[in-house]
Every structure is written in C-alpha cells, then in structure tokens.
2 protein chains.
Amino acid sequence: MQASPPHHRPALRAGLLGFGVVGSGTHGVLQANRDTIRARAGCAIDLKMVATRTASRARMAADAGVEVTQDPMRLARHPELDVVIEAMGGTTDARHCVLEAIAHGKHVVTANKALLATHGEEIFAAAGARGVTVGFEGAVAVSIPIVKTLREGLVANEIEWLAGIVNGTSNYVLTQMGTAGRSFAEALAEAQALGYAEADPSLDVGGGDAAHKLALLAAMAFGGPPRLDAVHVEGIAGLQAADFLHAARLGFAVKLLAVAQRAGGELQLRVHPALVPRDSMLGRVEGRMNGIMVKGDAAGVTMYYGAGAGSRETASAVVADLVDLARGLRDGGRVRVPPLGFHDGGVRPPPMGTMEGVRLRNYLRVALDEAKAGPRVIEVLARHGVQAVKGVQTRETLVVLTAEVAESRMVDAMRGLEGMDGVRPGAVRLRVEALA
Amino acid sequence: MQASPPHHRPALRAGLLGFGVVGSGTHGVLQANRDTIRARAGCAIDLKMVATRTASRARMAADAGVEVTQDPMRLARHPELDVVIEAMGGTTDARHCVLEAIAHGKHVVTANKALLATHGEEIFAAAGARGVTVGFEGAVAVSIPIVKTLREGLVANEIEWLAGIVNGTSNYVLTQMGTAGRSFAEALAEAQALGYAEADPSLDVGGGDAAHKLALLAAMAFGGPPRLDAVHVEGIAGLQAADFLHAARLGFAVKLLAVAQRAGGELQLRVHPALVPRDSMLGRVEGRMNGIMVKGDAAGVTMYYGAGAGSRETASAVVADLVDLARGLRDGGRVRVPPLGFHDGGVRPPPMGTMEGVRLRNYLRVALDEAKAGPRVIEVLARHGVQAVKGVQTRETLVVLTAEVAESRMVDAMRGLEGMDGVRPGAVRLRVEALA
C-alpha cells in the first residue's frame with residue numbers, strides 16, 4: 001500500500017444510536033481490540049457520540065469519555081460523523097433516524113433485521129441515491145459473516161437455494177425438546193429463565209424473526225428487494241415432545257428452517273419447522289447456535305455456523321461493517337458493494353412461489369382408536385396421491401414417512417384423514433427437508 | 001449508487017496464465033453466469049487473453065474467442081490488462097510471471113497456495129509497493145470464502161485459534177479408512193482411481209499442502225508473513241485401519257488437522273492427524289469436503305464448510321476476487337484490503353512456538369505379548385507424568401486415552417514403553433484435539 005502509517009490517517013468518526021446490548025458491546029469491542037482493529041482498518045475508529053435517553057446508559061457512555069445526547073436526530077445530523085450506528089431497535093424511530101442520517105450523507109450500520117426487512121427497499125434506495133451504504137452484517141446470524149459471504153464471497157454463483165437455522169431462541173427450545181424430552185412450554189420457560197428468550201417470545205418462536213432474516217438473505221442471493229410479504233411463516237409453538245422422539249428414532253432432528261429455493265421457475269420463501277437428518281451439518285446445529293447452508297452452481301454446497309446472538313457476537317459484525325468503511329476512507333469512500341450486492345437494476349428475481357408448489361417429503365403421526373385403522377390411513381393417503389415409504393405402527397400410534405409430494409396434495413390428504421373411523425382428531429404433519 | 005448502468009461502464013480486463021482445471025473453470029463460470037456477475041460487479045469482466053503452451057488448450061481458448069499467446073511474460077506485461085490470473089501452478093515460473101505483472105501495475109489473482117506460502121512475503125511486498133493487490137481466495141478451501149472471512153469478516157476479533165480440515169484428498173482417504181475399514185494403501189489407490197488424488201500424492205497425504213494453507217490462514221489471523229518454516233508437519237501415510245476402529249468405539253473420528261493456536265504467549269502452527277469427537281462440527285466433515293473452525297474473542301467459535309477442490313469450485317473463488325477488483329474500477333481501484341488484511345506494519349505476531357509446548361490429550365494403542373503387561377504400561381506412563389483417564393484392554397491390545405499433557409512428556413513416555421517386557425515394539429500414539 002502506498003500510504004502513511006495508521007496514526008497519520010484520519011479516523012472514521014462513528015455515532016451510536018442507543019447504548020444497550022448492541023451499542024455497549026460495540027463500544028467494548030472497539031476498546032478491547034483497538035490496536036488490532038486499527039492495524040486492519042488502516043485508521044482508528046472513533047466512537048464520538050452516543051444518543052440515549054436512559055440515564056444509566058448515558059452515565060456509562062459518559063464515563064467512557066463519549067459525548068452523550070438525548071436527541072437521536074441531532075446525532076443523525078451531526079456534521080462531524082462519517083457513520084451512524086443504529087442500535088436503538090424498533091422500526092419507527094429507527095427508520096426516521098436512519099433516513100435522516102442518510103439524507104445528511106452518512107453511512108449507516110445496523111443489526112436491525114425488522115427495520116430492514118420492512119423498510120429496506122426505501123432505506124437502500126435512499127442510501128443509493130445519496131451515495132452512502134448500509135451495512136447490516138449483524139442483522140443475520142451475528143457472528144457469521146453471511147452477508148459478506150452472499151454479497152461478495154459467492155458472487156460468481158447462481159444461488160439455487162439456501163436453508164438456515166437463523167433463530168437461536170427457537171433452536172435452543174427445539175434442542176431441549178429433542179434432547180431433554182421437554183415440552184414446548186417447559187423448554188420455553190427454561191429459555192426465558194436463562195435469558196435466551198424474551199418475556200414476549202412470539203417474534204422468535206412464531207417464526208417472524210427468522211422471516212425477517214430470510215427476506216434479507218433471499219434479496220442478496222436472488223436479487224430484488226426484501227420480500228417479507230412473500231415469506232410463508234409457521235412457528236414452533238404447536239410442536240409436541242412425542243414427535244421429537246419418533247423423529248429421533250427415524251434419524252431426524254426437528255429444526256425451525258428458513259428456506260429460499262428456486263423451484264419450477266419460482267422462488268419459494270418459507271419458514272417452518274422441519275425434520276432434517278440428525279447427522280447432517282444442519283442437524284448438528286444445536287442450542288443457540290445458527291447455521292446457514294447455501295447451494296451455488298459453482299461453489300456447490302457451503303455451510304456457515306456460529307452464534308446467532310449476543311452482545312460481543314453482534315459487535316463483531318457491526319465493527320466489521322465499520323472496518324469496511326474505514327478501509328475506504330482514504331480514497332473518498334465511494335460505495336463499491338451495494339447494500340444488497342447488486343448494482344443499479346441488478347437482476348430480475350424469479351417470481352414468488354406459493355406453498356402449494358412446494359414438494360417435500362412429510363412426517364405423519366396419527367393416533368388410532370383401533371390398530372386396524374392403520375392400514376386404512378395408508379389407503380386414504382394413497383388415494384390422495386401420497387405414498388407412504390415408511391410406516392411404523394406401535395399399538396395405537398401410526399408414524400408415516402411419505403415420498404416427496406406437492407404441498408397441496410398433502411393438505412388434501414390430511415383433510416381426508418379427518419373424521420375417519422378409528423382415527424382420532426389432530427393428526428400431526430411435519431415437513432421433511434432433504435436439502436443437503 | 002450514483003452510477004450509470006453497467007453497460008456504460010468500462011470492463012475489467014483479465015488475462016489468464018494457464019488454461020487447465022482452474023483456468024478453464026474460471027472461463028466457464030464467467031461465461032455461464034455473465035449477467036449475474038455483471039449485475040453484482042457493476043461492470044463486465046472480460047477475459048481478454050490466455051497464455052498456454054498446450055496446443056489442445058490453446059485451441060479451446062481460441063474457439064472461445066479469447067486471444068492466445070504462448071508467452072506468459074508477454075501476457076504479464078500486456079498494457080491492456082487490469083488483472084492477471086495466475087493458473088499455471090508451480091512456484092518458479094509462476095513467481096516470475098506474478099512479479100512481472102505486479103511490476104507492470106496489474107493486480108494478481110491466484111489459487112496457488114504453494115507459491116504464496118513460499119514466496120508470499122516477497123510477492124505481497126511488491127504488490128503493496130506498487131499499489132496493487134493479490135487475491136487468493138481460491139488458495140484455501142476453494143468454495144468457502146475463508147480468506148474474505150479472515151481479512152474482512154472477523155476483523156473485530158483477536159483470533160485465539162483456528163483448526164481446519166483443508167486437504168480434501170487426505171480427508172477422503174481418512175473417511176474411507178474410517179467408514180469402509182480400508183487400509184491407507186487401499187483408500188489412496190481408490191482416491192487415485194477416482195481422480196481425487198494425484199499420481200504423486202505426497203504433497204496431499206504428507207501434509208505439505210495443508211501446511212501451505214495453514215501458513216496463509218495464520219498470517220491473516222495473527223499477522224506477520226506466511227511462516228511455512230514454522231509449521232510442524234506430520235502426514236497420514238503411517239495410519240493403520242485398526243486405530244480408526246478403536247477411535248470410533250471411543251466416539252472419535254481421525255482427521256488431518258491444520259491448527260494455528262495462541263498458547264502461553266506463543267503461536268503454534270501444526271499439521272498432523274488427530275482424533276476429534278465424531279459428533280463435533282469438524283468430526284462431521286467427510287469425504288473431499290473441507291471445514292475450518294475459527295475462535296475469535298468477540299464472535300466466539302464460527303465454522304465454515306464446503307468443497308476443497310474442483311474446477312468450478314475454485315473458479316467461484318477466483319471470480320469473487322475479480323468482482324472485488326471490478327467493484328473498485330470506477331473509483332481508481334485503490335487497494336482497500338491488503339493481501340493479508342493488515343495495513344503497513346500491521347501487528348507484531350506472537351513468537352512461534354514449538355511442538356514441545358503443545359498440550360493435548362493423546363490416544364495410545366499398545367500391543368502386548370501378555371495381558372498382564374497392561375497395568376505396567378499404565379504405571380510407566382504415570383511415572384512420566386502421563387495420566388491414563390481411560391484404558392480399554394482386549395486380550396493383548398491396550399488402548400489408552402490420556403489426560404492433557406505436554407508433548408515433550410508424551411514423547412518421553414513413548415520412549416519409556418520401548419523395550420518393556422511383554423510390550424511389542426511399534427506402540428501407536430495419536431493426538432486428541434479438543435478444540436470445539
């Protein structure tokens with residue numbers, strides 16, 4: 001590099017909106033690893049200002065020698081900042097502050113997936129028009145550089161599909177249900193007691209958080225804006241411990257998967273629980289860890305694994321986005337990598353598919369009043385075009401693995417089982433994901 | 001982005017040294033995914049010229065409409081090229097061509113780990129002085145963007161250790177020995193028959209190739225130049241099928257690991273076979289696949305998995321390096337990310353450690369002439385400060401797992417077993433790697 005040593009270079013001046021888990025973690029990592037970060041960035045990264053209205057946090061920031069303001073908009077407009085780190089959470093004030101920062105020519109770094117999944121198109125367009133960028137490495141699987149991997153690492157590939165375990169809270173609950181035989185309620189209570197789940201866990205266990213992340217991953221992999229509206233979402237609240245045991249006997253683990261897949265010229269976006277082979281790379285992602293598998297036409301299948309939450313883990317991603325900006329500081333900082341990885345018009349993404357078109361194998365558990373109803377269930381499935389490739393009947397429980405079949409047929413078949421003689425209501429159906 | 005549409009932009013002009021597996025694969029991927037690559041890069045990537053002396057390859061290139069020269073130096077100097085892709089292999093001519101291209105102000109992209117592990121310091125310094133860069137994503141675990149991950153993704157972290165399965169040929173042989181009960185010779189012959197191993201497999205099974213990759217990974221993770229000379233290297237040629245069975249019974253798989261680890265203020269660089277828990281993420285990396293685990297102080301443990309060889313798989317990495325360059329074309333292409341990820345002086349890497357300081361658990365298999373010699377072996381180990389935490393004796397074979405112990409003590413203990421009454425020569429010792 002033709003350049004003077006780091007200490008002669010201007011610093012990247014950052015402002016931080018919010019000083020909670022993400023904000024204080026970012027400040028902590030910038031302090032702890034200052035020298036190494038400077039050597040890698042080529043200049044210092046200075047946290048100049050924090051905006052928070054929480055007195056205790058304001059004190060923490062002030063004690064750390066950082067200027068504190070109670071007015072986030074003042075920070076968003078501040079003329080002496082190169083980048084604004086949005087760590088306030090939520091989608092309303094965060095949107096206003098981020099758009100204000102962009103309007104004032106500042107780059108933005110955020111780990112707020114809800115914000116970008118819902119307002120990303122508007123925010124990315126504003127950033128593009130103003131010639132600044134939006135870094136969001138921390139928005140998906142925080143510790144894993146999956147955003148950089150999709151935007152830069154796998155750029156040579158047409159992506160065929162990606163499948164991820166991207167919600168650590170759900171994965172912790174599912175792991176407890178699978179390994180400790182806990183009920184959903186017990187496992188969730190345990191997660192809450194450990195601080196792994198929030199008081200209102202609906203966004204995590206309902207699949208909404210995974211859907212936010214999937215919308216962002218799919219936009220980077222296939223082009224187009226984040227399409228949260230196109231994601232089919234099913235959560236894990238309804239799952240029963242019994243099915244984890246049957247799945248285990250069949251060699252499967254139960255995971256909440258976020259899948260984006262090209263099929264029949266359409267793009268399927270779906271979040272739902274699914275059986276995956278226990279010995280597969282995704283099957284081994286346990287507890288609060290995240291794992292994302294990507295199939296590209298050149299690279300083949302690659303997989304990325306790491307913590308999906310945590311203060312320092314998220315800071316690792318936020319600081320990586322800051323270093324990207326710092327490394328561009330000396331040449332004017334023109335944006336080289338667009339937020340979603342595609343320049344200008346980009347590519348036309350495939351039209352969005354619906355669940356009806358999804359073809360998967362399925363797991364069925366049917367409670368019987370009389371053992372001899374079992375064969376009749378198999379017949380009814382067959383009549384709906386659903387082939388049972390494996391059936392295990394123990395007294396009055398029938399467990400079936402089906403051949404690959406269209407979702408629509410499967411739904412009809414399940415209806416066909418309702419009210420059958422000798423078959424109790426509430427048959428359980430889970431999808432089986434065969435991807436890698 | 002304030003920018004005109006892609007077709008109004010200048011193209012990145014690339015020249016290709018060699019048109020074998022890597023070269024033709026790169027050309028093929030650039031052709032097949034041209035539109036997507038252009039949309040991501042912001043401009044076209046044109047392969048202008050190929051240098052090859054192989055008539056059949058020259059015809060292939062010419063048929064593809066690419067200008068062909070027999071003189072690699074002419075290509076390296078060609079005024080109409082922005083980047084030279086070195087895909088000729090070897091370290092002598094390749095070094096001359098790469099230095100010539102750099103001297104003429106061209107960026108270089110290469111997947112040649114032997115070249116960079118042996119001449120990297122010279123080549124990176126020349127590139128830095130000339131203000132160009134050297135991309136080598138394809139040099140390690142081709143399909144996985146591990147170079148980008150270390151240079152850009154995990155930049156916030158002090159790296160504590162990394163451990164990888166980075167030689168697909170060895171991993172295929174080890175997987176066959178472990179799952180199919182093959183001998184080393186049988187498994188290797190099978191790999192050669194399938195084209196997974198070369199006629200002279202010594203660089204792969206001897207650990208040299210893994211050492212090349214480890215030297216590059218460690219330089220990016222810990223700073224300093226590649227230190228191939230500091231890597232302790234042991235291959236897999238001596239491994240016996242029996243130990244794979246005993247390891248499996250104990251819950252371990254046998255892998256050829258490349259490890260870089262901070263310990264006691266030193267940096268240990270070592271390539272050797274090791275037992276790893278079969279259900280760990282590294283334990284599940286089978287066949288020709290590669291997997292690299294990295295422990296950072298902020299991100300925690302993250303892991304990266306994918307194919308470690310192949311024409312299109314390598315091209316995926318080479319083209320990613322080209323897209324990085326193309327994305328910088330419109331702003332003068334100043335180098336933002338130095339080849340090894342550190343600017344100027346970088347950081348001072350820890351002093352290099354030796355094997356003596358390595359502390360690991362160990363696996364022992366001792367053949368006995370008489371069963372009652374078993375307890376005496378345990379005694380001798382204890383006398384050398386090696387504690388047996390698990391001992392399994394079946395008739396005249398004693399298998400022992402030791403507690404963590406310094407390598408030097410273990411070596412002494414093994415010597416202590418030599419010539420013991422009732423103990424046959426040739427006791428087997430394998431290290432047990434506990435990392436994640």
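Every value quoted in this text rests on a predicted model; they were computed, and no experiment measured them. Quick note on labels: first sequence line is chain A, next is B, and so on, each numbered from 1.
Using a 4.5 Å cut-off between heavy atoms, B:V323 contacts chain A through its side chain alone, with no backbone atom that close. With a 4.5 angstrom heavy-atom cutoff, B:N157 touches chain A via backbone and side-chain atoms both. With a 4.5 angstrom heavy-atom cutoff, B:L30 does not touch chain A via any of its atoms. Residue contact with chain B, scored on non-hydrogen atoms closer than 4.5 Å, is absent for A:E137. Within the 4.5 angstrom heavy-atom criterion, atoms from both the backbone and the side chain of B:E152 approach chain A. Both the backbone and the side chain of A:L154 come within less than 4.5 Å of a heavy atom of chain B.
Between B:R330 and A:R334, the closest heavy-atom pair is NH1-NH2, 3.1 Å. B:A156 and A:S316 get closest at one heavy-atom pair: CB-O, 3.7 Å. Taking both residues in full, the closest heavy atoms of B:R327 and A:V155 are given as NH2-CG1, 3.8 Å, listed atom of the first, atom of the second, then distance.
Between B:M289 and A:M303, the closest side-chain pair of non-hydrogen atoms is not below 4.5 Å.
From A:E286, atom CD reaches atom CE of B:M281 across 9.5 Å, with rounding to the nearest 0.5 Å. Separation of atoms CG (B:D35) and CZ (A:R348) is listed at 11.5 Å; rounding is to 0.5 Å. Within the model, atoms CG of B:N33 and CG of A:D297 stand 4.5 Å from one another, a figure rounded to the nearest 0.5 Å.
Side-chain atoms of A:R284 come within 3.5 Å of backbone N or O of B:D279 as a donor-acceptor pair.
The stretch residues 142-151 of chain B places B:S143, B:I144, B:P145, B:K148, B:T149, B:R151 near chain A, each with some heavy atom under 4.5 Å from a heavy atom of that chain.
The local environment of CD in A:E121 is sparse, with at most 12 non-hydrogen atoms from other residues, nucleotides or ligands closer than 6.0 Å.
No other option in A:S311, A:G153, A:A32, A:G306 has as many heavy-atom pairs under 4.5 Å with chain B as A:G153.
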